[in-house]
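All of these numbers come straight from a predicted model, not from anything done at the bench. Just so it is clear: chains get the letters A, B, ... in the order the sequence lines come, proteins before strands, and each one is counted from 1.
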2 protein chains.
Amino acid sequence: MFETIQAMAEPTRFAILQMVRRREMPAGEIALKFKAITRPAVSQHLRVLKDAGLVSERRQGTRRLYRLRPEGFGPLKNLLEDFWDSKLERLKAAAEKQEKRRS
Amino acid sequence: MFETIQAMAEPTRFAILQMVRRREMPAGEIALKFKAITRPAVSQHLRVLKDAGLVSERRQGTRRLYRLRPEGFGPLKNLLEDFWDSKLERLKAAAEKQEKRRS
DNA sequence: CACTTACGTTAGCTTAAACTAACATATTGG
DNA sequence: CCAATATGTTAGTTTAAGCTAACGTAAGTG
């Protein structure tokens, strides 16, 4: 799950994830969207994302189509929801304290 | 929100977040938990986490107490839930396709 | 006020990760 | 098979981020 965070924590990769969120995209088209980043660099980033399970790869002829793989984010999503719960727990604790004071 | 990801994407900082999840901890106690990381290094990590809004700092005499700040994870949590929704959308689309074929 | 405790800060070094350039592979069309 | 297209791979360089050592600060203690 930490691999997920590391894969996301790079500006180019983060941008790629947004691109392949809704529609499947070939590597070349993804690379064209970037002004200052070369195609090989994008290719390497795609590999990192694929290894982390955050995108899927499908070959169609000479092309390789990439797409977001939502399941890959599951564990991290759960962790953040746990963190969020800490907030609710505190609100609950504060409310109980308040209740005690009143009685 | 990208700052959130970058702050989390470092092993020591990630470990610190777990530590201060439930209880408030002074900087020194946090540093002691690590075998191979010095106190100044931990101090720098705490600063990054604080700047990203992921932990709160409270001063008590000469001590500084740190604690998880759940609100800081809100935006990232929302993003991951959006990513997750992509999965549900596809399942829905697939189900509709199936339905069409049947009729 | 001097001393200690608990931390933070900064300049400079070190290392890991991203990038580039050149080359490799795989599919399609003629 | 040859050429073109689309993409991946790798060795070596560059750069950003973490670390260390030394110093600075602020609150409590005798």
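- Regarding B:Gln6, its CD atom lies at a distance of 10 Å from the C1' atom of D:dA17, rounded to whole Å.
- Nearer to the 5' terminus of DNA chain C, by closest-nucleotide assignment, is the contact made by B:Ala27 (compared with the other of A:Arg13 and B:Ala27).
- B:Leu65 has its CG atom 15 Å from the P atom of D:dA27, to the nearest Å.
- Phosphate proximity of C:dG8 to B:Arg47: absent, as no side-chain N or O sits under 4.0 Å from OP1 or OP2.
- A 6.0 Å sphere centred on CZ of B:Arg90 holds more than 12 heavy atoms belonging to other residues, nucleotides or ligands.
- Protein atom CG of B:Asp51 is 14 Å distant from nucleotide atom P of D:dA17, rounded to whole Å.
- For the pair A:Glu10 CD and C:dA17 P, the computed distance is 12 Å after rounding to whole Å.
- Note: NZ (A:Lys50) to P (D:dT9) measures 8 Å, nearest angstrom.
- When the options A:Arg47, A:Arg67, A:Arg64 are evaluated for a side-chain contact (heavy atoms from CB on, under 4.5 Å) with A:Glu57, the one that passes is A:Arg64.
- Taking side-chain N and O atoms only, B:Arg39 has no distance below 4.0 Å to OP1 or OP2 of D:dT20.
- OP1 or OP2 of D:dT7 has not a single side-chain nitrogen or oxygen of A:Ser43 nearer than 4.0 Å.
- Which of C:dT9, D:dG8, C:dC7 sits closest to the side chain of B:Pro40 comes down to C:dT9.
- Side-chain nitrogen and oxygen atoms of B:Tyr66 include at least one within less than 4.0 Å of the OP1 or OP2 phosphate oxygen of C:dG8.
- Judged by closest nucleotide on DNA chain C, A:Ile37 is the one of A:Ile37 and A:Gln60 placed further toward the 5' end.
- C:dA18 atom C1' lies 13 Å from atom CD1 of A:Ile16, rounded to whole Å.
- Contact between A:Lys77 and B:Trp84 at its shortest, heavy atoms only, is CE-CG, 3.7 Å.
- Contact check for A:Gln6 versus B:Phe14: no side-chain heavy atoms found under the 4.5 Å cut-off.
- Closest to the A:Arg63 side chain, of the nucleotides D:dT20, D:dG18, D:dA6, is D:dA6.
- The distance between atom CG of B:Leu32 and atom C1' of C:dA6, rounded to the nearest whole Å, is 11 Å.
- In this structure the side chain of A:Leu76 reaches within 4.5 angstrom of the side chain of A:Leu79, judged on heavy atoms.
- One interatomic measurement links the two molecules: CD of A:Glu57 to P of D:dA6, which rounds to 16 Å at whole-angstrom precision.
- OP1 or OP2 of D:dC19 has at least one side-chain nitrogen or oxygen of B:His45 nearer than 4.0 Å.
- Contact annotation: B:Thr62 does not reach the phosphate of C:dA6 (side-chain N/O to OP1 or OP2, under 4.0 Å).
- Contact of A:Gln44 with D:dT10 (side chain to base): a donor-acceptor pair of N or O atoms is detected under 3.5 Å.
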